[in-house]
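From a predicted model like this one, the values you see are computed outputs, not experimental measurements. No hydrogens, no waters, no symmetry mates; every other heavy atom, side chains included, goes into these values.
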Amino acid sequence: MADALSNQFMELALAEARAAAAAGEVPVGAVVVRQGEVIATGRNAPVDGHDPTAHAEIVALRAAASALGNYRLDDCELYVTLEPCAMCSGAMLHARLKRVVFGALDPKTGAAGSVVDLFAQPQLNHQTELEGGVMAEESAALLQEFFRQRRSEKRETSRLNHPLRDDALRTPDAAFEGLPAYPWAPRYISDLPALGGLRMHYLDEGASDGLTYLCLHGNPAWSYLYRKMIPGLLEAGHRVVAPDLIGFGKSDKPKKENFHTFSAHRQILLELVDRLDLQNIVLVVQDWGGLLGLTLPMAAPQRYKGLLVMNTMLACGDAPLSPGFLAWREMCAKNPEFDVARLFARGNPQMSVQECAAYNAPFPDKGHRAALRAFPAMVPEFEDSDGAAISREAKGFWREHWAGQTLMVVGAQDPVLGLPVMRGLQNLIRGCGEPLVLADAGHFVQEHGGQIARDAVRFFKR
């Protein structure tokens, strides 16, 4: 019975370890048990918390002490998947734990017998019972697979000469194999100052002597969103550049949500345009592609000749956000692991299962989804919100100084950024004519991209 209970509690610790791995942390998990009942859990979180003490055992001990209202845990047992280090062993002894049970040995830092054995010191004023090797194979296998994947990622990134930062994740290339209608070769850049060494993916196809269509996606999409527009633009002899924002698509994904700010993403896009020396640009924007992209041309108006704007807005902090957007933001906050494929399927019944699944490809686990969690809250809501002031400047630019052509396309079925919102934007943009309204299109208008590309080629020829 005792062995069965130990296995049962270690299974719970292993579940915590798997959750740590999903968040990009070394997979170690712990539970604290009192009189046969789990009172606290913990998982490794030093990277996420910027805290060298945030080992699974420490996290669990803090939670247990808080639950009991006492730092003394003398009638408690702690189960952890890996032999504790000296720091954690010391904390366990200070807590007066009754018993510690661990899984795999740690030959490098283990302080329960592998390197030292703090639990066997007779001089200490408390003795804690110790048992190792419980479900050791399962615990060790989880660690081995985690570090195997890390080594594989580092070999691949070294080969591409874009080392992966310790505070970021990179979706494996295998996740993007066989995507329908996305045949273009990836291009990467990591030496823009604003990237700080993060690797950014972009497509760059076609001739450079015509127009350059700069296609910016939103949340939770990536450059795959433009796969139906790109062929038509290329056939007409134009160049297409379609980046993946950091945190999306094939670009690197910082683990921390606080990396993502309006200003940081705008600066990256400005530097990308400058580095690629894009000229004769038709700026193609939708969703966050517009929130960010509509602030770009005023920084270098001579580069931009046209605007193709779809279901987006300028958020200046000087008017309340719409009820539809607030509902979307609330949904994201309550369901941070929402199914991206299902979101696309719901608004685009014409898409295949494989196409919908392609939108999930960049996000194999929640550790890769920091941007998806961060972006809804990033929309400038107040006058002093990050991005609000530059958006107000952009409003003045589009109203008073824009001299290029503008084609507006609206997905009529969009409940958040549909025709009423786009009418307001139409009135703001100097020279913007009557929008092309696609009755069957929703928020992700680009899923009707073949027609849009044909209309754009004709329109921007004028």
Side-chain angles (χ1 to χ4, degrees), residues 1-23 25-106 109-114 116-136 138-139 142-143 333-334 336 366:
M1 176 65 75
D3 289 344
L5 278 176
S6 291
N7 287 352
Q8 175 185 334
F9 294 133
M10 193 60 77
E11 283 284 7
L12 296 175
L14 280 165
E16 292 294 320
R18 295 186 187 99
E25 304 276 0
V26 175
V28 180
V31 299
V32 177
V33 177
R34 181 174 182 263
Q35 298 176 359
E37 179 184 354
V38 175
I39 62 169
T41 63
R43 67 188 70 159
N44 256 15
V47 175
D48 184 59
H50 302 302
D51 182 358
T53 72
H55 289 194
E57 303 96 305
I58 301 294
V59 174
L61 287 173
R62 286 172 176 159
S66 178
L68 297 180
N70 192 344
Y71 80 93
R72 292 284 179 86
L73 305 174
D74 46 15
D75 58 348
C76 296
E77 301 174 323
L78 185 144
Y79 292 78
V80 61
T81 57
L82 181 66
E83 179 183 357
C85 68
M87 175 184 70
C88 295
S89 298
M92 293 169 188
L93 291 166
H94 281 297
R96 306 293 199 270
L97 283 174
K98 175 183 176 182
R99 182 168 176 250
V100 172
V101 179
F102 68 86
L105 293 171
D106 184 351
T109 63
S114 289
V116 295
D117 190 351
L118 295 182
F119 294 90
Q121 302 301 315
Q123 299 95 330
L124 296 176
N125 63 350
H126 176 78
Q127 305 300 313
T128 293
E129 183 183 342
L130 183 68
E131 180 182 357
V134 175
M135 302 191 71
E138 294 87 341
S139 300
L142 191 58
L143 287 157
K334 290 182 176 179
K366 67 179 183 180

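- Between Leu82 and Leu105, the shortest heavy-atom contact is CD1-O, 3.7 Å.
- Here the side chains of Asp75 and Gln35 are in contact, with some heavy-atom distance below 4.5 Å.
- With respect to Val32, the side chain to side chain contact (heavy atoms under 4.5 Å, CB included) criterion is satisfied by exactly one of Thr41, Leu68, Ile39: Ile39.
- If you check the side chains of Ser6 and Asp3, you find no donor sitting under 3.5 Å from an acceptor.
- Proximity of a side-chain donor or acceptor of Glu83 to a complementary backbone N or O of Asp106 within less than 3.5 Å is detected.
- Note that the CZ atom of Arg18 and the CD atom of Glu138 stand 8.5 Å from one another [nearest 0.5 Å].
- The shortest non-hydrogen separation linking Ala20 to Pro27 is CB-CA, 4.2 Å.
- Across Ala91 and Leu61, no two heavy atoms sit closer than the pair CB-CD1, 3.9 Å.
- Glu11 is not listed as a side-chain neighbour of Tyr79, based on a closest heavy-atom distance of 4.5 Å or more.
- Looking at Pro84 and Ser89, their side chains come closer than 4.5 Å, going by heavy atoms from C-beta outward.
- A salt bridge is absent between Asp74 and Lys98: the closest approach of a Lys/Arg side-chain nitrogen to an acidic carboxylate oxygen does not fall below 4.0 angstrom.
- Cys85 places a side-chain heavy atom less than 4.5 Å from the side chain of His55.
- Atom OG1 of Thr128 sits about 5.0 Å away from atom CG of Leu93, to the nearest 0.5 Å.
- To the nearest 0.5 Å, the span separating CG on Leu97 from CZ on Arg72 amounts to 11.5 Å.
- For His94, the NE2 atom is loosely surrounded, since the number of other residues' heavy atoms within 6.0 Å does not exceed 12.
- Atoms CD and CZ, from Glu77 and Arg34 in turn, are 12.0 Å apart once rounded to the nearest 0.5 Å.
- When all heavy atoms are compared, the tightest approach of Leu14 to Ser139 is CD2-OG, 3.7 Å.
- At least one donor-acceptor pair closer than 3.5 Å links the side chain of Asn44 to the backbone N or O of Ala56.
- The two residues Ala17 and Gly29 make their nearest non-hydrogen contact at CB-N, 3.5 Å.
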Exercise. Decide side-chain contact (heavy atoms from CB on, under 4.5 Å) for Leu143 and Val26; before the verdict, give the C-alpha distance in whole Å, the side-chain angles of both, and the deciding distance to 0.1 Å.
Key: CA-CA 7 Å; Leu143 287 157; Val26 175; 3.8 Å; yes

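- Shown are Val38, Leu12, Leu78; of these, the side chain to side chain contact (heavy atoms under 4.5 Å, CB included) with Val33 is made only by Val38.
- Scanning all heavy atoms of the two residues, the minimum distance from Phe9 to Gly36 falls at CZ-O, 3.7 Å.
- Glu25 has no carboxylate O lying under 4.0 Å from a charged side-chain N of Arg43, or vice versa, which leaves the two without a salt bridge.
- By the 4.0 Å N-to-carboxylate-O rule, Arg62 lies close enough to Asp51 to be salt-bridged with it.
- Side chains of Val59 and Glu57 form no contact here, defined as non-hydrogen atoms less than 4.5 Å apart.
- For the pair Met10 and Thr81, the minimum side-chain heavy-atom distance is below 4.5 Å.
- Residue Gln127 holds its CD atom at 10.5 Å from CZ of Phe119, rounded to the nearest 0.5 Å.
- For the pair Leu130/Asp117, a side-chain contact is recorded, criterion being any heavy-atom separation below 4.5 Å from C-beta on.
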